[in-house]
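Every chain is numbered from 1 and lettered A, B, ... according to where its sequence line falls, protein lines coming before strand lines. Any value given below was found using the heavy atoms of this structure, including those in side chains, with hydrogens, waters and symmetry copies removed.
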Amino acid sequence: MAAAEEASRPFAGLSDVSISEDIPVEGDISVPVGSSRRDDEFSTLDEPVKETILRDLRAVGNKFIHVLYPKRSSALLRDWDLWGPLLLCVTLALLLQGGAADSDDQGGPQFAEVFVIVWFGSIIITLNSKLLGGTISFFQSLCVLGYCIMPLTVAMAVCRIVLISGSGNVSFAVRLVVVTVSFGWSTFASTAFLADSQPPNRKALVVYPVFLFYFVIGWMILTFSPSQ
Amino acid sequence: GLTTAAAAGKMSAGSGSRNTNTEPWGSFDDNLIQGGGSAVIDMENMDDTSGSSFEDMGEMHQRMKEEEEVAAEAAATEDDSAEDGEFLGMKGLKGQLGRQVADEVWQAGKRQASRAFNLYANIDILRPYFDVEPVQVRNRLIESMIPVRMINFPQKIAGELYGPLMLVFTLVAILLHGMKTSGTVIREGTLMGTAIGTCFGYWLGVSSFIYFLAYLVNAQITMLQMLSLLGYGLFGHCAVLLITYNIHFHFLFYVLWLLVGGLSTLRMVAALLSRTVGQTPRLLLCGTLSLLHMLFLLYLHFAYHKIVEGLLDSLEGPNLAPMQRVARDVPELNTTLRILGALPRAQ
């Protein structure tokens, strides 16, 4: 009977344990300081600014290569940054500046418009992929989408060079080809990075807004005509 | 008694998470359970009201006063008040104070964190509406062009937002394309802003308006279903506009407008008809919807359609003067108006 009661209340004995009030609770609290200072090798406080910037630029450039040669690696996802997207976005917006229509009036793609399209577009795509049950984090997706604008930025640069030489049917055909190829490239590269994080049966639903996003940007690049 | 109340509280909490707490007795039960549970939650409830009345006193003193109040409150509410009164007496005051400060810090931190993660919470709320498969989306797109002639029994309308949202974004892209080729110039604002404003404004505005009308005439439709219905109805618009912004035959546009636009409108009308009772409500609801839907397609086509022909000309840009968004004398509009005049009578 007593044993059964004991078994039914296994912690009953613990309630009797108490600390008497006349014993002051005191002692030394020492935080163990790590003897091996591993921080030293990673300290960036006293290195030259040039080195810091160069290291970051090298990381950005490394990711550019990943976009240009999109093999299924997680380098773009693992250590994301938004410097590359910012750089590409500003470059694209600057290149699209000074179009025919906005010299006298509004209507051409303006700096702010490009900026807003790129960032809000990526945010919407990211939210969409989250809603569809993707496992990628918010900034990882922003990073991938931003870096994958690079083929289109290159296409824009090519278009400006082509437009210097003239604006006839041949020039339009060249631009059409360049923009189409870079559009396909962007979509393919971003899909290669993003698709793994999605549920396999819903890839099409995630890819569609990405396709639309790069299509709008590609369209802006194709319809750009400089002021004369 | 207490266990059944707890079960009821749990059930109401379970349903409250979905219905955002519609039953008043549900929350009452919850409070009852919380009051019975512990005094810490009482302190939390006291937090906002008791802080204001002791403004001029020192912080320490204020805390002690609050403490006494809480203790009194706890003693009043608890059934076994004698035991708790002794526990919350002067002896346990210091421990209580520390606990309360820690609790307040924790509460403040939690509030900050919850504000920061509000975005993710909202995503979780929206997630059920995006739970679709590609095949389902494709089927719904096709079904949006097939009117169902069953109006005696309420038709099924899927409450889903992925398809509608993507269709609206597609329409934005198509409109941008149309504005570019037509050389539309907008004085205040950008092309992008105008396109987004037009599409989302139509989708949300007309859905809300029709939902309001449906509420007035007692039709069985929810806001979500209305959004989904009208969103999928935009598929016809996207198809028509994509074709007619690139192929410039007015005849082709009118044929597509009547055929494709008409089919998608009929589909929505049939769905609404099956969920409404009575002649006048049906006429009002479906007449308004079909008029708005057909006119919107007409507006989108003519507002951003390029009248000067040739796609390449506008791509080369500056040689033609940019068009203004002013009323133009379009001869086709007259025939359009005549057709429109005949349309409501036909239905």
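- Heavy atoms closer than 4.5 Å to chain A are found in both the backbone and the side chain of B:Phe169.
- The choice from A:Leu131, A:Ile117, A:Asn128 that makes the most heavy-atom pairs within less than 4.5 Å of chain B is A:Leu131.
- The number of heavy-atom neighbours closer than 6.0 Å to OH of B:Tyr129, taken from other residues, nucleotides and ligands shown, is 12 or below.
- Side chain of A:Arg202 to main chain of B:Glu133: no donor-acceptor pair is present (N/O by atom type, distance under 3.5 Å, no hydrogens or angles).
- Residue A:Trp185 qualifies as open at atom CH2: its count of foreign heavy atoms under 6.0 Å is 12 or below.
- Contacts between B:Val172 and chain A at a heavy-atom distance below 4.5 Å are absent for every atom of the residue.
- Going from atom CD1 of B:Ile174 over to atom CH2 of A:Trp219 covers 11.5 Å, rounded to the nearest 0.5 Å.
- Not a single donor-acceptor pair under 3.5 Å links the side chain of A:Tyr208 to the backbone N or O of B:Met166.
- Taken from OH in B:Tyr162 to CG in A:Leu205, the straight-line distance is 4.0 Å, to the nearest 0.5 Å.
- Interface check for chain A: of the options B:Ile196, B:Thr170, B:Val135, the most heavy-atom pairs under 4.5 Å are formed by B:Thr170.
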